[in-house]
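This report concerns only the one structure given below.
Values below: all heavy atoms of this structure, side chains included; hydrogens, waters and symmetry mates excluded. All ligand and atom numbering here is 1-based and tracks the order in the structure.
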Amino acid sequence: MQTLTTEKQHHESRQGEAYAPFSADPNQYDRLFYIESYGCQMNFADSEVVASILQDQGYGATRLPDQADLILLNTCSIREKAEQTVRKRLTEFKQLKREKKGLLIGVLGCMAERLKSKFLEEERLVDLVVGPDAYRTLPQLIDEAGTGQKAVNVLLSRDETYADIAPVRLSSNGVSAFVSIMRGCNNMCSFCVVPFTRGRERSRDNSSILGECSDLFEKGYREVTLLGQNVDSYHYTPASGSNSINFAQLLEQVARISPQLRVRFSTSHPKDITDEVLHTMARFSNICRYIHLPVQSGSTRVLQLMNRTYTREWYKAKVDRILELLPDCGISSDIIAGFCTETEEDHQDTLDIMRYSRYDFSYMFFYSERPGTLAQRRYADDIPETVKKERLQQIVAVQNELSLLSNQQDIGKVFEVLIEGNSKRDDQAWMGRNTQNKVLVFPKTEKILKPGDYVQVKVDACTQATLLGSLVTE
Ligand code: SAH
Ligand code: SF4
Ligand code: F3S
């Protein structure tokens, strides 16, 4: 069986198992923290905000949990399995807690928000439970926990965006960075826990977004990915009373920072991505030709139950429109197998829409019922696990075919590639991406290059996941 994409990799193949950040010099700080992140890129971005808040309190980051005075897990609730992974990890910290007096263990993020103080009853070694909108109160909560009390803050906010906090870039490659532009989600997809764990949607001040992106560019970064659960509903009204700014306008402002700065974004809800966004992309060659456009299901009936608010035909028309305005645009998707009541015919519709959309890449999951969601309250989780898994395997098989086909069609083409670093398998080769977000690997030559450089690479061969090429010399 093919490896399935897990939540750990969601939205960024580069992100590893949960990361431990850079190690600070233990002598430089009085106290050290260790943080591990799970889930989507937004959670990873939040950990960088948390690191900034802790650094201001004199905490240094360490990669080694046994060195830390504070261990934090930034958690995800999207699927049952994501929560199990965190619980397992927590039990691994039990021994450390026994050995080190005063060690504090905190749970942050979506699982903290979902379970609230129940977490403290279920997992006795946890000292702190902090929801995604309460990170500014971490210093007080840590003090409280230090006195032996359990500390909890899971209040959700209508306006918190951490706009003024400069994230500490943990485990970054120095070339590409993620920038949160909004928080929360107002869509109510029936399968999804996010609206409950992240609260109402709110957009971040565009001037602080532009400030962060310009700063990254000046520090040598060459790619920013604007993050939100539904970026196309970005909407910010500056206090000065000037006109409000939508996502297309924000994209343009970020793209104007420099033609040398690539701009990406994620995620687009198919119902919200506008022609204005597509036209803006077409006008700026540094806005990458790549859209993550999660379909979830190819069956109109299932889409309706999922509350996705578009039909199969509407989605297909959106794909047509993207390719009409941006003929070389890469498209990827998220797909759920075995949602409530899904028939074999519905499943075939999903395989069919994948072929129609010719996704370069997909994140594929089987349905996992989440407590409190609309689907859990309204529909029975009635597809047997064996059927879910079988369908998922078929979805993965179709995606593998499509990915290979898409890569084969690139053989012979020349792409502009932004170098990110050494190839994982071979330090005599560089790894980078083209505008479509495909990974290219090519041998180093005598030409002196470094991460952050743009080069022209000709594709000579491919695997399902990677384009293999050679440097084009002028
Ligand atoms: N805001 C993004 C998705 C965020 S969650 C969007 O609307 O596209 C990332 C993906 O996890 C979703 O696109 C969906 O495919 C998957 N997912 C969410 N809830 C799930 C569940 N209960 N079971 C299985 N997969 C789920
Ligand atoms: Fe979840 Fe839907 Fe919001 Fe995405 S748009 S986070 S799937 S509710
Ligand atoms: Fe998971 Fe929360 Fe993101 S549930 S996918 S970490 S918003």
**OP:** Taking only Lys NZ, Arg NE, NH1 and NH2, and the carboxylate oxygens of Asp or Glu, determine whether D346 and R312 approach each other closer than 4.0 Å.
**Re:** no

Original post:
What atoms of ligand 1 come closer than 4.0 angstrom to any heavy atom of R308?
Top reply: 7 (O)

Original post:
Applying a 4.0 Å heavy-atom criterion (strictly less than), which segment of E369 is in contact with ligand 1: side chain, backbone, both, or neither?
Top reply: neither

**OP:** Would you verify whether the NZ or CZ of R87 falls within 45 degrees of the ring axis of F119 while also being under 6.0 Å from that six-membered ring's centre?
**Re:** yes

Original post:
What atoms in ligand 2 come closer than 4.0 Å to a heavy atom of C185?
Top reply: 3 (Fe), 5 (S), 6 (S), 8 (S)

Original post:
Of all the heavy atoms in G109, does at least one lie under 4.0 Å from an atom in ligand 3?
Top reply: no

Subject >> Carboxylate-amine/guanidinium contact E385 K388, below 4.0 Å >> reply: no

**OP:** Would you give the length of the straight line joining atom CG of D382 to atom OH of Y367, rounded to the nearest 0.5 angstrom?
**Re:** 10.0 Å

**OP:** Please tell me if the side chains of S299 and E342 come closer than 4.5 Å, counting only heavy atoms from C-beta onward.
**Re:** no

Original post:
Is the shortest distance from a heavy atom of T267 to ligand 1 less than 4.0 Å?
Top reply: yes

Subject >> Contact flag C40/atom 3 (Fe) of ligand 3, N/O/S atoms, threshold under 2.8 Å >> reply: yes

**OP:** List the closest protein heavy-atom neighbour of atom 5 (S) of ligand 2: residue, atom name, distance to the nearest 0.1 Å.
**Re:** N187 ND2, 3.4 Å

Original post:
Heavy-atom contact under 4.0 Å between R308 and ligand 2?
Top reply: yes

Original post:
Sub-3.5 Å donor-acceptor pair from the side chain of Q55 to the main-chain atoms of V168, do we have one?
Top reply: no

Subject >> Contacting atoms of ligand 1, where contact means under 4.0 angstrom from a heavy atom of Q229 >> reply: 1 (N), 2 (C), 3 (C), 4 (C)

Original post:
Regarding R114 and the six-membered ring of F196, is the cationic atom NZ or CZ under 6.0 Å from the ring centre and inside 45° of its axis?
Top reply: no

**OP:** Decide yes or no for Y38 and T85: does some side-chain heavy atom of the first lie under 4.5 Å from some side-chain heavy atom of the second?
**Re:** yes

Original post:
Under a 4.0 Å heavy-atom limit, does S368 contact ligand 1 with its side chain, its backbone, both, or neither?
Top reply: both

Original post:
Can you tell me which residue and heavy atom of the protein come closest to atom 1 (Fe) of ligand 2, and the distance to 0.1 Å?
Top reply: C192 SG, 2.3 Å

**OP:** Classify the contact between F191 and ligand 1 as side chain, backbone, both or neither, using a heavy-atom distance cut-off of under 4.0 Å.
**Re:** both

Original post:
Short list, please: which atoms of ligand 3 are under 4.0 Å from a heavy atom of Q229?
Top reply: 7 (S)

**OP:** Take every heavy atom of Y363, measure it against each atom of ligand 1, and state whether any distance is under 4.0 Å.
**Re:** no

**OP:** Specify side chain, backbone, both or neither for P195, according to which of its non-hydrogen atoms lie closer than 4.0 Å to ligand 2.
**Re:** side chain

**OP:** Indicate yes or no: does D133 engage R202 in a salt bridge with an N to O separation below 4.0 Å.
**Re:** yes

Subject >> K271 charged N/C atom sitting above Y310 aromatic ring, 6.0 Å / 45° >> reply: no

**OP:** Please could you name the atoms of ligand 3 that C110 approaches to less than 4.0 Å, counting only its heavy atoms?
**Re:** 2 (Fe), 4 (S), 6 (S), 7 (S)

Subject >> Ligand-side contact atoms (ligand 1) for residue partner R370, heavy atom cut-off under 4.0 Å >> reply: 22 (N)

Original post:
Does a side-chain heavy-atom distance below 4.5 Å link S403 with D360?
Top reply: no

**OP:** Going by the salt bridge (charged side-chain N to carboxylate O under 4.0 Å, His left out) test, name the single residue among D164, D56, D46 that passes it with R136.
**Re:** D164

**OP:** I would like to know whether Y363 and H292 meet ring-ring contact (aromatic ring centres under 6.0 Å, His included); could you show each step before the answer?
**Re:** CA-CA 10 Å; Y363 296 94; H292 185 58; 5.7 Å; yes

Original post:
Going by heavy atoms, is I78 under 4.0 Å from ligand 1?
Top reply: yes

**OP:** Would you mind reporting whether E83 and T75 have side-chain heavy atoms less than 4.5 Å apart?
**Re:** no

**OP:** Ignoring angles and geometry beyond distance, decide whether H269 reaches within less than 3.5 Å of ligand 1 through its nitrogen or oxygen atoms.
**Re:** no

Subject >> Side chain, backbone, both or neither: the part of C189 lying under 4.0 Å from ligand 2 by heavy atom >> reply: both

Subject >> Contacting atoms of ligand 3, where contact means under 4.0 angstrom from a heavy atom of C76 >> reply: 1 (Fe), 4 (S), 5 (S), 6 (S)

Original post:
Would you say R198 contacts ligand 3, with heavy atoms under 4.0 Å as the rule?
Top reply: yes

Original post:
Under a 4.0 Å heavy-atom limit, does V194 contact ligand 2 with its side chain, its backbone, both, or neither?
Top reply: side chain

